[in-house]
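Chain identifiers are assigned alphabetically (A, B, ...) following the order of the sequence lines, protein sequences preceding nucleic acid strands; residue numbering begins at 1 within each chain.
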Amino acid sequence: KAGVTQTPRYLIKTRGQQVTLSCSPISGHRSVSWYQQTPGQGLQFLFEYFSETQRNKGNFPGRFSGRQFSNSRSEMNVSTLELGDSALYLCASSSRGAGVYEQYFGPGTRLTVT
Amino acid sequence: QQQVKQSPQSLIVQKGGISIINCAYENTAFDYFPWYQQFPGKGPALLIAIRPDVSEKKEGRFTISFNKSAKQFSLHIMDSQPGDSATYFCAASRGSGYSTLTFGKGTMLLVSP
C-alpha cells in the first residue's frame, strides 16, 4: 500500500497570507489527523477528521481550519499567517476501527513564514 | 501542562550497547502507548506500541516495558546500531475511538560506531 502523501513538501509564505496544505491518507483509512511540529513545542495535535466530520480539535486559534472530502483526502488551511506558524505540518492516517489506534504519518509539509 | 514527560533529551550510545528512553504520563485514561522514530526530513514512523494489559512487548531489537502503577513506560533498543541514530518520541492516547496522540518532547539518539 502507498503511504500517506502530503503536498506540497515545502512552502514559503509571507506574514498575513493564507496557505492550504493537502493530505492523502493510506488507501482504506478514513481518519486523518493533523499535527504541528516545532523545535520548541514538539508535536502538537491540531485536529482530526473522520468521515468528513471534525471529531477532535487541539488548542490552536481559529486561524487553523481543516476539512475532509468524501474520498478521505484532507486539507488544512491557515489564514493570516504569523511568523510563529513556521513549522513542519504532519498528517497522519488511521483506519480508526474498533480498538485500532495505529496512526501512520506522512513526510510533512515544511512551512516557512517570512 | 505536559501530559507525557520524556527523558533524556539526548543520548549517546556506543554501537552494540543498549539505548534506554523513559516516559511518564499523568492521565490515567491513556490506554495506548506507541513509540515513533523520526529521521531528519522524514515524518515519524510507528516503531512499536503497547496497551496497559501487558507489562512488556518485544519486536526484534526493540522492547517496551510498561509499569501501570508508576505510570511509566520505556523503550529499550538492544544491540544499538548507527542506523538507529534518530529522534524517538513516546506518545499516549486515550479511550476507544480517540486518535489524538499526546507526544513527549523527543530524545535524540546518537549511536557511535
Is the count of non-hydrogen atoms from other residues, nucleotides or ligands lying under 6.0 Å from A:Arg15 atom CZ greater than 12?
no
What do you reckon, is CG of B:Leu110 surrounded by more than 12 foreign heavy atoms closer than 6.0 Å?
yes
With a sphere of 6.0 Å drawn around CD of B:Glu59, does it hold more than 12 non-hydrogen atoms of other residues, nucleotides or ligands?
yes
If hydrophobic clusters are built from ILVMFWY residues whose side chains come within less than 4.5 Å, do B:Val54 and B:Phe73 share one?
yes
Once you round to the nearest 0.5 Å, how far does CG of A:Leu43 lie from CD of B:Gln38?
6.5 Å
When rounded to the nearest 0.5 Å, the distance separating CZ of B:Phe89 from CZ of A:Phe105 is 9.5 Å
So for B:Pro44, is it side chain, backbone, both, or neither that comes closer than 4.5 Å to the heavy atoms of chain A?
both
Measure the shortest side-chain to side-chain distance between A:Ser33 and B:Thr100 over non-hydrogen atoms and say whether it is less than 4.5 angstrom.
no
State, yes or no, whether a side-chain contact exists between B:Leu101 and A:Tyr35 at a heavy-atom distance under 4.5 Å.
yes
Go through the atoms of A:Gln37 and report whether side chain, backbone, both or neither lie under 4.5 Å from a heavy atom of chain B.
side chain
Show your reasoning for whether side chain to side chain contact (heavy atoms under 4.5 Å, CB included) applies to A:Gln44 and B:Thr102.
CA-CA 7 Å; A:Gln44 293 186 290; B:Thr102 300; over 6 Å; no
For atom CG of B:Asp53, decide whether the heavy atoms of other residues, nucleotides or ligands shown that lie under 6.0 angstrom number more than 12.
yes
Could you tell me whether the side chain of A:Gln103 reaches within less than 4.5 Å of the side chain of B:Tyr32, counting heavy atoms only?
no
Can you say whether A:Leu90 sits under 4.5 Å from chain B via the side chain, the backbone, both, or neither, judging by heavy atoms?
side chain
Would you please indicate if the ring centroids of A:Phe45 and B:Phe103 are separated by under 6.0 Å?
no
Do A:Glu102 and B:Leu46 have side-chain heavy atoms sitting under 4.5 Å apart?
yes
By a 4.5 Å heavy-atom criterion (distance strictly below it), what part of A:Arg9 contacts chain B: side chain, backbone, both, or neither?
side chain
